[in-house]
Structures are given as C-alpha cells and as structure tokens.
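Note sheet for the following structure.
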2 protein chains.
Amino acid sequence: MSTSPTDPIADLASRLRRGVLMTSRRLRSQRSADLTEGQYSALAQLDAHGPAAPSDLAARECVSAPSMTRTVGCLADAGLVERAPHPTDGRQVVVAITEQGREALYATRRRRDAWLATQLDGLPPDELEALGRAADILRRIATQ
Amino acid sequence: MSTSPTDPIADLASRLRRGVLMTSRRLRSQRSADLTEGQYSALAQLDAHGPAAPSDLAARECVSAPSMTRTVGCLADAGLVERAPHPTDGRQVVVAITEQGREALYATRRRRDAWLATQLDGLPPDELEALGRAADILRRIATQ
DNA sequence: TATTGTTATACTCTATAACTATA
DNA sequence: TATAGTTATAGAGTATAACAATA
C-alpha cells in the first residue's frame with residue numbers, strides 16, 4: 001500500500017474495506033436465484049420509499065433510463081411490481097411494489113439474514129456489541 | 001420482516017446486512033473505470049496468494065472456467081498478468097500478476113481507502129474503535 | 001421546445017457445450 | 001479415459017442514440 005502504516009485512519013479504512021467487501025460478497029451470494037441484484041435493489045427502493053417513476057428509480061440506482069425500463073419490465077412480467085399512469089402528468093408512469101414483490105424481497109432478505117445470523121451465533125457479547133455499533137455507523141457513512 | 005423483533009441476533013443480522021451492503025455499494029462505485037469487479041477480484045487473489053492456474057482462480061472466485069479464461073485474457077492483454085506454462089504438467093497454465101497489475105490493483109484500493117478514510121475522518125474515538133473491532137470480525141465471518 | 005418513457009442496437013460479462021492437447 | 005484450457009454460441013444486463021407521446 002502507498003499510505004503510511006502509521007496513519008491509524010488509513011489503516012482502519014483499509015481493514016474495514018476488506019471486511020465489508022468480503023462480507024458483502026458472501027451476503028450477495030445468498031440471494032434468490034430468480035431475482036438479480038438490480039431487481040432486488042429496485043424492489044427495496046419501492047418498498048422503502050413507496051411508488052416512484054422509472055426515472056426516479058434510475059437516478060437513485062445510478063443506472064440509465066432504458067436499463068430501468070427493462071428492470072421494471074422484468075419485475076412487472078413476474079408480477080412483483082405494477083405500472084399505473086400518473087394522475088396528472090400523462091408522460092409519467094408510477095411503479096409500485098406488489099404484495100408478491102414484497103414477499104420476493106423479504107425472502108431474499110431472510111436468506112441473507114439467516115446466513116449472517118448463523119455466523120453471528122456464538123460470538124462473545126463484546127463482539128456482538130462492536131458489530132451492533134458498527135452496523136449503525138456504516139449505515140450513516142454510506143448515506144452521507 | 002418475519003423474524004421476531006425480540007431475537008437480538010436476528011435483529012443485529014438485519015442491521016449489519018444493511019450497513020455492510022450499503023457501504024460495499026459505495027466502495028464499489030469508487031473502482032477504476034478500466035478494471036471490472038471480476039478483474040479486480042482475480043488480481044487481488046493473485047496478489048495475495050501468488051501465481052495460480054486459471055481453474056484454481058475460477059473455483060476461488062466461483063465463476064466458470066471459460067469465464068476465467070476470458071478474465072485472464074483481458075488482464076493479459078492489458079499487461080496486468082502474465083501466463084506461463086506449468087513446469088511439469090503441459091496441460092496447465094500458471095497465471096501471475098505483473099508489476100503493472102499490482103499498480104492497477106493498488107490504485108483501486110487507494111481510491112476506495114481514500115473515500116472511506118474521508119468518511120471516517122472526524123468520527124469520535126469510540127466509534128473508530130468499534131469499527132476497528134468490527135473490521136476484523138467481519139473478515140473472520142466472511143472467510144468461514 | 002423540453003421531458004418522460006420506450007425501442008433499436010451494440011457491447012460486456014457470464015454460462016453451457018464442444019473441441020484440443022496433455023496425462 | 002480423465003483433466004486443463006480454450007473456443008463457439010447463447011443469454012442476461014447495461015449503455016447510447018433515436019423515437020413517440022405529452023407538457
């Protein structure tokens with residue numbers, strides 16, 4: 001590495017990067033076979049923030065509009081989202097998650113949580129506490 | 001969620017999953033434009049564990065052999081790895097990272113570390129300590 | 001004229017199946 | 001006959017450019 005080993009922040013950043021990326025890799029491998037990462041993310045957005053236009057989803061997920069058109073199309077074909085016309089603006093479309101979509105989303109989350117819970121089970125209380133604090137800090141960092 | 005909110009392990013797993021996946025997403029977005037995630041992973045393997053056969057890399061990265069052939073081909077075309085014949089087994093190929101490959105790998109790591117260090121900078125000491133402990137625990141969890 | 005969404009087209013990454021060379 | 005690697009081919013996913021409908 002190029003950074004000085006005596007800089008504690010740089011050292012922590014490197015260790016944390018490795019831990020986070022390795023764990024995320026294992027977490028992602030627990031996803032449902034018939035739900036891509038992009039579809040999962042779009043569903044999570046719709047579940048967390050309610051119905052949205054495809055352009056909004058594309059912007060939030062950092063993908064192109066045609067790509068989101070395709071993602072939404074796949075999800076609609078599978079019955080996981082529903083498209084409805086915008087009440088006042090005829091150009092826009094409103095995409096909403098369906099009950100079936102929530103089930104698919106939650107199933108993947110349950111699988112990931114189950115894997116992670118298995119790994120956590122049996123850890124000493126002080127390690128669990130450190131992870132609990134880290135979880136909240138990581139979420140704060142990522143949303144900044 | 002389906003799990004009981006009173007189960008502390010399940011609750012921690014869910015919070016940690018969110019924190020890890022959100023952070024990993026931001027970290028991945030800091031990668032070099034001309035190095036895919038698969039190429040980055042292969043380079044990291046070769047850098048950490050030394051020269052390896054394509055089949056070994058494919059198994060470790062959980063991709064097919066033809067896929068690794070292609071990844072190694074791209075890396076070789078870019079001068080980031082070198083292919084050499086196996087000393088005793090004429091069927092095998094030995095792939096090794098080059099100095100240029102190390103530079104490309106470290107450049108991406110530096111970019112990710114720099115982003116993360118920026119986020120860490122200014123956090124109170126107790127939060128840094130929690131993250132430091134979590135980093136090691138996460139790495140242990142992911143490699144189990 | 002600008003914006004929203006879609007279609008057309010091409011490129012990248014991945015996988016399975018078939019092929020070549022070596023053991 | 002089995003194994004390591006590659007090539008052939010096809011299937012997702014994404015992007016840019018062009019198009020249709022609406023504001």
Side-chain angles (χ1 to χ4, degrees), chain A residues 24-25 28-46 49-78 80-96 104 108, chain B residues 25 28-46 49-78 80-97 104 108:
Chain A
S24 75
R25 214 147 179 243
R28 276 180 227 265
S29 73
Q30 305 296 319
R31 74 172 167 79
S32 164
D34 42 24
L35 201 65
T36 70
E37 197 62 29
Q39 290 168 356
Y40 170 86
S41 280
L43 281 181
Q45 278 289 335
L46 293 172
H49 303 109
S55 56
D56 288 339
L57 288 173
R60 281 190 240 159
E61 297 291 317
C62 298
V63 298
S64 67
S67 182
M68 187 51 73
T69 291
R70 181 187 166 78
T71 297
V72 168
C74 288
L75 289 173
D77 289 346
L80 306 183
V81 302
E82 272 176 353
R83 277 184 277 210
H86 192 278
T88 62
D89 190 337
R91 298 170 302 180
Q92 290 191 44
V93 171
V94 179
V95 183
T108 290
Chain B
R25 212 146 182 246
R28 276 181 228 265
S29 73
Q30 305 296 319
R31 74 171 166 79
S32 165
D34 42 26
L35 201 64
T36 70
E37 197 61 29
Q39 290 168 357
Y40 171 85
S41 280
L43 281 181
Q45 278 289 335
L46 293 172
H49 302 111
S55 56
D56 288 339
L57 289 173
R60 281 190 242 161
E61 298 291 318
C62 297
V63 297
S64 67
S67 183
M68 187 51 72
T69 290
R70 182 187 164 79
T71 297
V72 168
C74 288
L75 290 172
D77 289 346
L80 307 182
V81 302
E82 273 177 352
R83 278 184 274 210
H86 192 278
T88 61
D89 190 337
R91 298 169 303 179
Q92 291 191 45
V93 171
V94 178
V95 183
I97 191 170
T108 290

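Hydrogens, waters and symmetry mates play no part in the numbers below; they use all other heavy atoms, side chains included. Letters A, B, ... are given to chains in the order of the sequence lines, protein chains preceding strands, and every chain is numbered from 1.
- Where Cys74(A) and Val93(B) meet DNA chain D, the nucleotide closest to each residue was compared, and Val93(B) sits on the side nearer the 5' end.
- Checking dT14(C), dG5(D), dG13(D) against every side-chain atom of Gln92(B), the shortest atom distance belongs to dG5(D).
- Residues from residues 52-64 of chain A placing a heavy atom under 4.0 Å of any atom in DNA chain C, listed by number, are Ala53(A), Pro54(A), Ser55(A).
- Contact annotation: the side chain of Pro54(B) approaches that of Val95(B) to within less than 4.5 Å [non-hydrogen atoms, C-beta and beyond].
- Rounded to an integer number of Å, the gap from Gln39(A) CD to dT14(D) C1' is 13 Å.
- The CZ-C1' distance, from Arg70(B) to dG11(D), rounds to 14 Å in whole Å.
- Other residues, nucleotides and ligands contribute at most 12 non-hydrogen atoms within 6.0 Å of the CD atom of Glu82(A).
- To the nearest angstrom, P of dC13(C) lies 10 Å from CG of Leu35(B).
- Out of dT6(C), dT6(D), dT14(C), the shortest distance to the side chain of Arg83(A) is found at dT6(C).
- For dG5(D), the OP1/OP2 oxygens have no side-chain nitrogen or oxygen of Thr69(B) closer than 4.0 Å.
- As rounded to whole Å, 20 Å separates atom P of dT3(D) from atom CE of Met68(B).
- As rounded to whole Å, 12 Å separates atom P of dG13(D) from atom CG of Asp77(A).
- Under the 3.5 Å distance criterion, the side-chain polar atoms of Ser67(A) are left unmatched by any main-chain donor or acceptor of Val63(A).
- For the atom pair Arg91(B) CZ and His86(B) NE2, the distance stands at 10.0 Å (nearest 0.5 Å).
- Proximity of Leu43(A) to Leu35(A): side-chain heavy atoms (C-beta onward) are separated by under 4.5 Å at one or more points.
- Ser67(B) comes within contact range of the sugar-phosphate backbone alone, with a heavy-atom separation under 4.0 Å but no base atom that close.
- Side-chain contact between Leu57(B) and Leu46(B) is present, with heavy atoms from C-beta onward closer than 4.5 Å.
- Side-chain contact check for Ile97(B) versus Leu75(B): every heavy-atom pair is 4.5 Å or farther apart.
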TODO: Using the side chain to side chain donor-acceptor pair (under 3.5 Å) rule, take Arg28(B) and Ser24(A) through it: C-alpha gap first, then chi angles, then the decisive distance, then the call.
DONE: CA-CA 11 Å; Arg28(B) 276 181 228 265; Ser24(A) 75; 2.6 Å; yes

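- Between the P atom of dA12(D) and the CG atom of Asp34(A) lies a distance of 13 Å, rounded to the nearest Å.
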Task: Per-nucleotide protein contact string for nucleotides 17-23 of chain C (B base, S sugar-phosphate only, - none; heavy atom under 4.0 Å) - done: B----BS

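- Here Thr36(A) reaches the OP1 or OP2 of dG13(D): one of its side-chain N or O atoms lies under 4.0 Å away.
- The CD atom of Gln39(B) sits 7.5 Å away from the CG atom of Leu80(B) when rounded to the nearest 0.5 Å.
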